[in-house]
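Worksheet for the structure shown next.
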There are 2 protein chains.
Amino acid sequence: MSRSGADLALLLLGGFRSLVDAAQEELGRRGYEDVRPVHDFAIRAIAAGADSASELSRRTAVTKQAAAQTISVLQDRGYVVRQADPGDARRKRLHVTDRGFDLLREGEAIFDELREQWARRIGIERLQQLEAQLSELVGSAAVRVDAPGWVATQDFGPSAAVETTTRSGA
Amino acid sequence: MSRSGADLALLLLGGFRSLVDAAQEELGRRGYEDVRPVHDFAIRAIAAGADSASELSRRTAVTKQAAAQTISVLQDRGYVVRQADPGDARRKRLHVTDRGFDLLREGEAIFDELREQWARRIGIERLQQLEAQLSELVGSAAVRVDAPGWVATQDFGPSAAVETTTRSGA
DNA sequence: GAAGTTAGACAAGATGCTTGTCTATGTCCA
DNA sequence: TGGACATAGACAAGCATCTTGTCTAACTTC
């Protein structure tokens, strides 16, 4: 089975989706019905130091505008707040709220549980092998936790990025 | 490395995306600049027998409308054609064009090449192990080649489906 | 031949992204 | 010190993909 390269891709996607779908469902049961993986990852990135829209956009490889939109959703739903930056009047600093941190914790716990289920099914050694092989292939650069845009751009189209605004050049 | 469940999910996604991005880029270089993975999978499904919009929608777990839209794009770009069905005046039979089949062939070749690159990097045995383990975890049901909607729905939201139209019940 | 089902289409809306353009603020340096 | 340039954030418009909801025309079943 799965000798074709396309099958390999599908397997990887299948694995990802089955984890993420299960996680999202469970998250819904635990009272976070309004979140998607992107949100989780974006909050994580903000907590990890991407505390402005521009910075978030850089780290996540989407346009500033896209980042701003995500932030505005997160703010509406109570996961982050925006505060004026005392040192730079242009910036608005992002802070993850308690609810935001709660979400991150729940998310981690759920993913860990799912991983344990997998470990029980194929054995922890084999799962670790799988992880080791994948991380060798994918490289750690791609595994940055703070990469929401990368998680789900429009139908996997080419990911644009990098300061689109002041481009104009031509 | 990668002891957390979230990392595992990210690894899987990373693997998938790196394959798909590379494939899409290479496909562009070979003269198919107007296709996305969804299109490839949709054409594949049509070639595999999903020869009407309704059937495609069922197999791909998206609404009929979404399927119809995809078909219309594929038709505009010359990958499929629609013909009246002699036996059923409601239906319009779908046929993959030569260009469509060319695309499928190129796509397969590219994915196979990518898989070989991976095999060279970690060894064919380990790659096969990885595939075997994944397919054990994911199950073959999820690996259906004909599942575009499943590939990339809106930001990995819950995938709806199944004859949405005549629902109305409530 | 009436009741129900199915194929396909039109319209509108949600999401999540993209350009393009603009203002206000900071920074660099001649 | 002041002008050139970079940067933060925002508004507007548009694209792509998917979703409801509604409708007609054509089968199917009994």
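Please read these numbers as outputs of a predicted model, since none were measured by experiment. Per chain, numbering begins at 1; letters A, B, ... match sequence-line order.
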With the side chain of [X] defined as its heavy atoms from C-beta on, choose the nearest nucleotide among [options].
X     : options                : result
B/S54 : C/dA7, D/dG9, C/dG16   : C/dA7
B/R90 : C/dA7, D/dC18, C/dG16  : C/dA7
A/Q65 : C/dG8, D/dC18, D/dA10  : D/dA10
B/T63 : D/dT19, C/dC17, D/dA26 : D/dT19

Which heavy-atom pair separates [X] from [Y] by the least distance, and what is that distance?
X     : Y     : answer
A/T70 : A/H39 : CG2-CD2, 4.5 Å
A/K64 : A/S54 : CD-OG, 3.4 Å
B/R59 : B/A48 : NH1-O, 3.4 Å
B/A9  : A/F16 : O-CD1, 3.1 Å

Looking at every strand, decide which applies to A/A68 at a 4.0 Å heavy-atom threshold: base, sugar-phosphate, or nothing.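 Counting heavy atoms under 4.0 Å across all strands, no contact is made by A/A68.
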Please work out if A/D88 contacts a base, only the sugar-phosphate, or nothing of the nucleic acid, heavy-atom cut-off 4.0 Å.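 Answer is sugar-phosphate: A/D88 comes under 4.0 Å of backbone atoms only.
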Determine, stepwise, if the pair B/D40 / B/R36 fulfils salt bridge (Lys or Arg N to Asp or Glu O under 4.0 Å). CA-CA 7 Å; B/D40 181 279; B/R36 307 280 199 100; over 6 Å; no
In whole angstroms, how far is the [atom2] atom of [N] from the [atom1] atom of [X]?
X     : N      : atom1 : atom2 : result
B/R93 : D/dA26 : CZ    : P     : 18 Å
A/L56 : D/dA10 : CG    : P     : 13 Å
A/R36 : D/dC18 : CZ    : P     : 13 Å
B/D40 : D/dT17 : CG    : C1'   : 17 Å
B/E55 : D/dC27 : CD    : C1'   : 17 Å
A/K64 : C/dT25 : NZ    : C1'   : 12 Å
B/R91 : D/dC27 : CZ    : P     : 11 Å
B/I71 : D/dC18 : CD1   : C1'   : 15 Å

Between [X] and [N], does any side-chain N or O lie under 4.0 Å from OP1 or OP2?
X     : N      : result
B/K92 : C/dA9  : yes
A/R82 : D/dA10 : yes
A/S52 : D/dA8  : no
A/R58 : D/dA8  : yes
A/T70 : C/dG16 : no

Salt bridge check, A/R105 against A/D102: does any charged N sit closer than 4.0 Å to a carboxylate O?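 Salt bridge between A/D102 and A/R105, a charged N being under 4.0 Å from a carboxylate O: yes.
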Starting from the 5' end of DNA chain C, give me the residue, A/V73 or A/G87, whose nearest nucleotide shows up first.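 Its nearest nucleotide being more 5', the pick is A/V73.
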Map B/Q69 and B/D51 onto DNA chain C by nearest heavy atom, then report which one ends up closer to the 5' terminus.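 Residue closer to the 5' terminus by nearest nucleotide: B/D51.
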